[in-house]
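Beneath this line is the structure, given in structure tokens, with notes to follow.
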Amino acid sequence: MHNYITVRTKSNKISFQLSKKVAMVTILLCILLCGMIMLALSVGSDFIHPVTVLKELFGYGTGEYLFTIQTLRLPRVLLAVLVGMALAVSGLILQGIIRNPLAAPDIIGVTSGASVGAMLFLTYATVSIHYLPLAAIIGAGVVSAIIYLLSWNKGVTPIRMVLIGIGISALTKGIVTMLIVMGEEVRTTRAYIWLTGSLYGANMQDVYLLLPWVIVLSIFTFVMARVINVKELGDDIAVGVGVQVQVYRLLFLLISVMLAGTAVAFVGGIAFVGLVAPHISRMLVGRSFAALIPISAMVGAIIVIFADIVGRTLFLPKDLPAGVFTAAIGAPFFIYLLFRTRNQHS
């Protein structure tokens, strides 16, 4: 009991326990995330001192760096935070409902489905760019529905969903490649960079469009965290305590699809964040799903910001997509997970 802090209102209507370890990790990650944001706003083709950055942001600067900070760097950093949060929480949900450590939006086909929807929109649509997130969500939703239906056999088993998802992911990547080959050269070059996962050209409009999706869906997931905690004990136990397993699995799959789909719509296929961030979070705070949501979100944000900083500073004057570096981190981690879990489903 000494490892927990009890928080209650004066009327005692609301009362809950907070793990001291989770609280400490949350504070440290908040500090690290703020530090990464400041670093991202400071570095680039021109270094701007962090004190100068703060002065410009709060209106006390000379205005010399105002355009660089507020127009070029701040939207890019904020979008990196939101995308990292969305992909991390999406991956956490998938790993929780499928009970497979290898589950992630980009591995089982959700991200690829969103890419198909977004590519079709970018190639053929004549309506406002505001509808791009909707196109990506529809693409991710259609692919997820196909995966779910093909996985159904008197219910959906986790390992069957993963295997079918991997196969569908390969198919959708083939469709994306075909769209690139058949499209106009100017559009396909831009689309190819986008598919790798790039934050280049981010603006505050993107941030405002993505923000409500991430906040609302993350809060809803947090409220429903207890259901996933029960589901991770196994379908039989979950059914025994009154959880409608298939209904909740479908509901959480939809939430995961919406989070991954909106993230892909704005920055393309930044890979492996949804795989790596939940695992790092479990190493830090254990398996409580409610605790893992904010921790995974912050870890995901830190990973994407770090990848973007490396991409736009290490190879100046070139600006490399952040997805190149998340893949460089995530691919070896994925191989490690395959090695570690090689006997679990044999």
Side-chain angles (χ1 to χ4, degrees), residues 33 36-37 40 75-95 103-119 122 132-133 136-137 139-140 143 169 172-173 176 180 190-203 206-207 209-211 213-214 217-218 256-281 296-315 319-334:
L33 179 58
M36 292 294 291
I37 290 172
R76 185 166 181 159
V77 173
L78 293 178
L79 192 63
V81 170
L82 292 174
V83 166
M85 292 173 66
L87 292 174
V89 175
S90 177
L92 178 67
I93 293 170
L94 283 177
Q95 290 173 15
D106 46 309
I107 292 172
I108 70 164
V110 176
T111 301
S112 299
S115 296
V116 171
M119 275 294 298
L122 290 171
L132 179 59
I137 290 173
V143 169
S169 178
T172 52
K173 286 175 182 176
V176 168
I180 290 175
R190 186 178 62 184
Y192 191 76
I193 295 171
W194 175 83
L195 286 169
T196 309
S198 176
L199 290 148
Y200 181 79
N203 55 62
D206 296 336
V207 175
L209 286 171
L210 182 57
L211 182 64
W213 291 94
V214 177
L217 293 173
S218 296
S256 179
V257 164
M258 286 189 282
L259 284 168
T262 50
V264 169
F266 290 103
V267 300
I270 294 184
F272 292 109
V273 177
L275 175 72
V276 175
H279 282 283
I280 294 175
S281 302
S296 294
M298 285 187 284
V299 170
I302 290 167
I303 290 172
V304 177
I305 291 176
F306 174 75
D308 188 50
I309 290 173
V310 173
R312 64 186 172 88
T313 59
L314 203 60
F315 301 94
D319 189 333
L320 299 183
V324 172
F325 299 98
T326 59
I329 297 168
F333 192 81
F334 181 63

>> Which heavy atom of G330 sits nearest to which heavy atom of V276, and what is that distance?
In response: CA-CG2, 3.9 Å

>> Please determine whether side chain to side chain contact (heavy atoms under 4.5 Å, CB included) holds for the pair N203 and D206, giving the CA-CA distance in whole Å, both sets of side-chain angles, and the decisive distance to 0.1 Å.
In response: CA-CA 6 Å; N203 55 62; D206 296 336; 3.5 Å; yes

> In Å and rounded to the nearest 0.5 Å, what is the OG1 to CZ distance from T111 to F272?
Replying inline: 10.5 Å

> Looking at T326 and A307, what are the two nearest heavy atoms and their distance?
Replying inline: CG2-CB, 3.7 Å

> So, do L82 and F266 sit near enough that their side-chain heavy atoms are less than 4.5 Å apart?
Replying inline: no

> Can you tell me how far the CG atom of L199 sits from the CG atom of D319, to the nearest 0.5 Å?
Replying inline: 9.0 Å

> Closest approach of S281 and V299, non-hydrogen atoms and distance?
Replying inline: OG-CG2, 3.8 Å

>> I need the I37 CD1 to I302 CD1 distance, nearest 0.5 Å.
In response: 9.0 Å

>> Rounded to the nearest 0.5 Å, what separates atom CZ in R76 from atom CD1 in I309?
In response: 10.0 Å

> How long is the span from the CD1 atom in I93 to the OG atom in S218, to the nearest 0.5 Å?
Replying inline: 7.5 Å

> Side chains of I270 and V304: does their closest heavy-atom pair fall under 4.5 Å?
Replying inline: yes

> What distance do L79 atom CG and L209 atom CG have between them, rounded to the nearest 0.5 Å?
Replying inline: 10.0 Å

> So which heavy atom on S169 is nearest to which on S112, and how close?
Replying inline: OG-OG, 3.3 Å

> What's the shortest heavy-atom distance between A104 and L94, and which atoms?
Replying inline: C-CD1, 3.6 Å

>> Are F325 and L320 packed together at the side-chain level, in the sense that at least one heavy-atom pair is separated by less than 4.5 angstrom?
In response: yes

>> I need the minimum non-hydrogen distance between P105 and G91, along with the two atoms involved.
In response: CD-CA, 3.7 Å

